[in-house]
Amino acid sequence: MQQAVLPIYQIDAENPDRRGRALADLSSGFSRWRLAWALARLDLRNRYRGSVIGPFWVTLSMAAMVAGLGLLYSQLFQMDLQTYLPHLVTSLIVWNVLAAMVADAATCLSSADGVIRQLRLPLTTHALRCVFRNGLNAAHSLPLILVVFALVGHWPGIEALLVIPGLAVLAVNALAVSIFLGMICARFRDIGPIVTNLMQMAFFLTPVIWKPELLKEKAVWLPLNPFYTMLEMIRGPLIEGGGSLLTWVAALAYSGILLAVALVFFIRFRNRVAFWV
């Protein structure tokens, strides 16, 4: 008599093996990165459907903001426009990437509720889709930094290569935030507006428009702000000759904590996401 074949998705309630299944989800999601990439490109195409210049509207609006704020705040802060513009354009673009990533992470799972309920697709795929989508958006504004640098004659040295590991750390944090915030916001829908308000407050507490030296001796406390460390990983090599070692150590420490929290939360509650969304 032929023995019945059990389905591969059968789960033993007495031994759920949450850790193994979570790691398998991560492995499967990374192995299917092309699917996440294709979905991210589709999201971008659908967002700007019918538009003539598409995502380059973001570039134009950013250029107008840099020009307007540069002229205004260079006068308010009594700073030379040629030295202030490189700081401003780099800070605004990187901050917009951070803010957009956090805002998108809050809905990266709840916005894919139909797919999560109907298909056995790794949750990691949805997180990667969020990262790729914001990366593509950012790619349309990053060349504006080179344009401003050329206009004011500011060119960084060899230390500009530190931007590469900075972007890598930023991408890892974006994935961790997508997993953690995506899950917790799917469970508690009030978290999304709270995160939005916190990001608005963090914008003014982080040296985006203003320069750190305006704080004088109190600037030593800035590494306690995790957004400042993430911002400085990109801005430092381009503006300040690489950034301080303390800033890099703090950024890596915050990244490690965020990764650990996201992984623990993912292992513990991954199986409940389909009920939350």
Side-chain angles (χ1 to χ4, degrees), residues 4-50 54-55 97-138 171-199 258-277:
V5 179
L6 296 177
I8 60 174
Y9 52 83
Q10 182 178 14
I11 299 177
D12 185 359
E14 296 182 354
N15 184 25
D17 189 20
R18 294 189 181 96
R19 181 175 178 274
R21 293 184 180 277
L23 294 179
D25 187 298
L26 290 170
S27 176
S28 178
F30 281 113
S31 65
R32 302 180 184 180
W33 66 269
R34 291 181 179 84
L35 174 60
W37 175 256
L39 291 173
R41 292 178 60 190
L42 179 63
D43 291 338
L44 198 63
R45 190 180 299 115
N46 289 337
R47 179 181 300 179
Y48 297 102
R49 179 179 297 172
V97 173
L98 286 171
M101 187 70 247
V102 173
D104 205 10
T107 59
C108 74
L109 294 182
S110 57
S111 61
D113 55 344
V115 178
I116 294 175
R117 291 171 182 166
Q118 299 180 37
L119 299 177
R120 293 190 67 248
L121 198 65
L123 295 181
T124 309
T125 300
H126 302 295
L128 285 174
R129 177 184 183 180
C130 182
V131 175
F132 287 150
R133 181 169 59 236
N134 284 276
L136 288 172
N137 272 324
V172 172
N173 279 273
L175 179 62
V177 167
S178 298
I179 292 175
F180 177 68
L181 272 185
M183 295 180 68
I184 198 171
C185 289
R187 177 63 181 88
F188 303 102
R189 300 303 172 96
D190 294 331
I191 300 295
I194 294 175
V195 170
T196 301
N197 291 329
L198 288 177
M199 291 302 296
L258 178 59
L259 279 173
V261 172
L263 184 59
V264 170
F265 202 85
F266 189 63
I267 292 174
R268 182 64 180 84
F269 299 108
R270 186 189 67 88
N271 292 333
R272 303 184 185 182
V273 173
F275 301 98
W276 290 347
V277 297

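Atoms considered below: every heavy atom in the structure, side chains included; atoms not considered: hydrogens, waters and symmetry mates.
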Would you mind listing every salt bridge (Lys or Arg N to Asp or Glu O under 4.0 Å) that reaches into residues 98-111, with sequence neighbours excluded? Asp104-Arg133
For a quick test of reading the model, state the closest non-hydrogen atom pair linking Ile116 to His126 and the distance between them. CG1-NE2, 3.6 Å
For Val264, check side chain to side chain contact (heavy atoms under 4.5 Å, CB included) against everything at least two apart and list the hits. none
Would you compute the distance between atom CG of Asp113 and atom CD of Gln118 and round it to the nearest 0.5 angstrom? 9.0 Å
Closest approach of Thr107 to Ser111 (non-hydrogen atoms, all atoms of both residues): O-OG, 2.5 Å
So ring pair (Phe, Tyr, Trp, His ring centres under 6.0 Å) across residues 23-43, not counting sequence neighbours, yields Trp37-Phe132
So, does Ser31 use its side chain to make a donor-acceptor pair with the main chain of Ser28 at under 3.5 Å? yes
Report the C-alpha separation of Asp43 and Leu136 in whole Å, then their side-chain angles, then the decisive distance to 0.1 Å, and conclude whether the side chain to side chain contact (heavy atoms under 4.5 Å, CB included) test is met. CA-CA 10 Å; Asp43 291 338; Leu136 288 172; over 6 Å; no
Roughly how far apart are Leu259 CG and Asn173 CG, rounded to 0.5 Å? 6.5 Å
Report all side-chain donor-acceptor pairs from residues 191-199 shorter than 3.5 Å, counting only partners two or more places apart or in another chain.
| unit_1 | atom_1 | unit_2 | atom_2 | d |
| --- | --- | --- | --- | --- |
| Thr196 | OG1 | Gly192 | O | 3.1 |
| Asn197 | ND2 | Pro193 | O | 3.3 |

How many angstroms lie between CZ in Arg19 and CZ in Phe266, if you round to the nearest 0.5 Å? 13.0 Å
Considering residues at least two apart in sequence or located in another chain, which fulfil the side chain to side chain contact (heavy atoms under 4.5 Å, CB included) criterion with Asp190? none
Which residue pairs pass the salt bridge (Lys or Arg N to Asp or Glu O under 4.0 Å) test when at least one of the two sits in residues 24-41, sequence neighbours left out? Asp25-Arg270
Val97 versus Ala138, closest heavy-atom pair with distance: CG2-CB, 3.5 Å
How far apart are the closest heavy atoms of Ile267 and Arg18, and which atoms are they? O-CB, 3.3 Å
Would you give me the side-chain donor-acceptor pairs under 3.5 Å for residues 178-189, sequence neighbours excluded?
| unit_1 | atom_1 | unit_2 | atom_2 | d |
| --- | --- | --- | --- | --- |
| Ser178 | OG | Ala174 | O | 2.8 |
| Arg189 | NE | Cys185 | O | 3.4 |
| Arg189 | NE | Ala186 | O | 3.1 |
| Arg189 | NH2 | Trp276 | O | 3.3 |

Distance in Å, Thr125 OG1 paired with Leu39 CG, rounded so as to fall on 0.5 Å steps: 8.0 Å
Search all heavy atoms of Met101 against all heavy atoms of Cys130 and return the closest pair with its distance. CE-SG, 3.2 Å
